[in-house]
Amino acid sequence: MFRRLRQWLCPDVAIDLGTANTLVAIQGMGIVLDEPSVVALQKGTRRVLGKGTAVGKLAKQMLGRTPDSITAVRPLQDGVITDFELCEAMLRYFLQKAIRQRRGLRPRVVIAVPGGITPVEKRAVFNSAERAGAGRVYLMEEAKAAGIGAGLPISEPMASMVCDIGGGTTEVAIFSLADVVVGRSTRVAGDELDEAIVEYMKQHFSLRIGTQTAEKIKIEIGSAYPLEQELTTEVRGLDTISGVPRKAIVTSEEIREALREPLEAILNCIKSVIEQCKPELVADIVDTGLVLTGGGALLRGLDLFLNEQLGIPVRVADEPLTTVARGTAICLEHLSQWRDSLDSGEADL
Ligand code: ADP
Ligand code: MG
C-alpha cells in the first residue's frame, strides 16, 4: 500500500544514457524524453549556455556549426565519459526536465550504461544522478537492457544474443540464465560509419563534408547489402582542390563501399563473441540467432549482410532506437527480481 502511494507520488525513472541519445522513461508513463546527448558550452569556460538551449536537440544542431565563442560537445562520445562535469550537467538537465520532485521524495533510478565503462566513470554517473535528485541509483549494462527490451528470453537456460549499435559503441552480448555469458564492446559504431563517409568523400570526390552531413547521407542512402533499388543523393561540401563549395551526386553503391571497413569490424566483433562461447550455447545461437538494436540497426540490409556472413538468423528489433530505454523500464518494473544483478554502487563505496 505504502509502496503504491509512493509510486504514485514519485514514480521510478529509467534512463538510457547513450553516446548519441539519452532517453528517459517514467514508470507508468513510458518514454517522456528522447534527446541527443549533446551539451553546448561557452568556449574556454565550463559554463553551459543559457538554460534550455544548451542541452539536447538544440545543442546537437550546433555541433559542427558553432561560432568561435561556443562549443558543442558530446560528453560520452566514445562510450567512455570524456567529460565528467559535462556528463553530470547533462544528466541533471534531463532528470530535472523529466522528474517531478514532490515532498522531498526522490525516485529510484535505473540507468543503462555502456559495458566498457570504468569503475571511476560508474561512480561519476552515480554521483551525478544523486546530485540531480535521484534516490537509489542502479546501473545496468546497456546490452542487458537491449536484450530485455528486444523481448529475448534472457533468463532462460538457453543462449540468446544481441548486438546494440549506438553512436560511439557497439555492444555484443550472449545471455543465458539472466546473465551476460560473453560480452564485448567496441568503439566501432555509428560515428565510425559517419567518419568513413567523410573519408570516402574526400578520397573519391575531393569533397570535404562534416560528420553531420555524413550522418545524413548514411541515413538517407546508406546500406550494408545490395538494395533492390539502389539510391542516390546530392551532397554539398567544399572542393578540396579549388576551395569553393560544390555539389556532387553519390550512389548507395559508393556509400556501401565506404562503409565496408567499419561494418567488417562490427562483424568481427560479433564473430569473436561467438567464438568465445561454449559449444552448447553456440548450438542455441544457431537456432535463436542474433537481434540487432540501437540506431545502427536501422542501416539498410544490415540484417542480410550479417546473416550471410554469420550463417545464423538475424533480425532487427522493433523500434531499435528505444529498445534499451524500454528494457531498462521493464527492469525497473521488476526491480525486486533484477536488483541483485544490478550495480547499486555499494561494492565500491
Ligand atoms: P546511443 O545508444 O549510443 O546513444 P543510438 O542507439 O541512439 O546510440 O543510435 C545512434 C546512432 O544510430 C547514430 O550513429 C545514428 O547515426 C544512427 N542511426 C540512426 N538512424 C539511423 C538509420 N536510419 N540508419 C543508419 N544509422 C542510423
Ligand atoms: Mg544505446
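Everything numeric here is computed off the predicted structure, so don't read it as measured data. All ligand and atom numbering here is 1-based and tracks the order in the structure.
- Results of the salt bridge (charged side-chain N to carboxylate O under 4.0 Å, His left out) test with Asp343 over Lys144, Lys122, Arg136 single out Lys122 as the only residue that passes.
- Within 4.0 Å of ligand 1, protein heavy atoms come from Gly18, Thr19, Ala20, Asn21, Glu142, Gly166, Gly167, Gly190, Glu215, Lys218, Ile219, Gly294, Gly295, Gly296, Leu298, Leu299, Leu321.
- How far CD of Gln212 is from CD of Gln61: 9.0 Å, rounded to the nearest 0.5 Å.
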Check the pair Arg123 / Asn127 against side-chain hydrogen bond (donor to acceptor under 3.5 Å, both in side chains), numbers first and verdict last. CA-CA 6 Å; Arg123 178 88 338 250; Asn127 293 346; 3.2 Å; yes

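- In this structure, the separation between CG on Asp179 and CD1 on Ile174 is 13.5 Å, given to the nearest 0.5 Å.
- Nearest heavy atoms, Glu171 versus Gly115: OE1-N, 3.0 Å.
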Pair Ser223, Arg256 - check side-chain hydrogen bond (donor to acceptor under 3.5 Å, both in side chains), show working. CA-CA 6 Å; Ser223 64; Arg256 197 153 57 240; 3.0 Å; yes

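- The Mg ion (ligand 2) has an N, O or S atom of Glu142 inside 2.8 Å of it.
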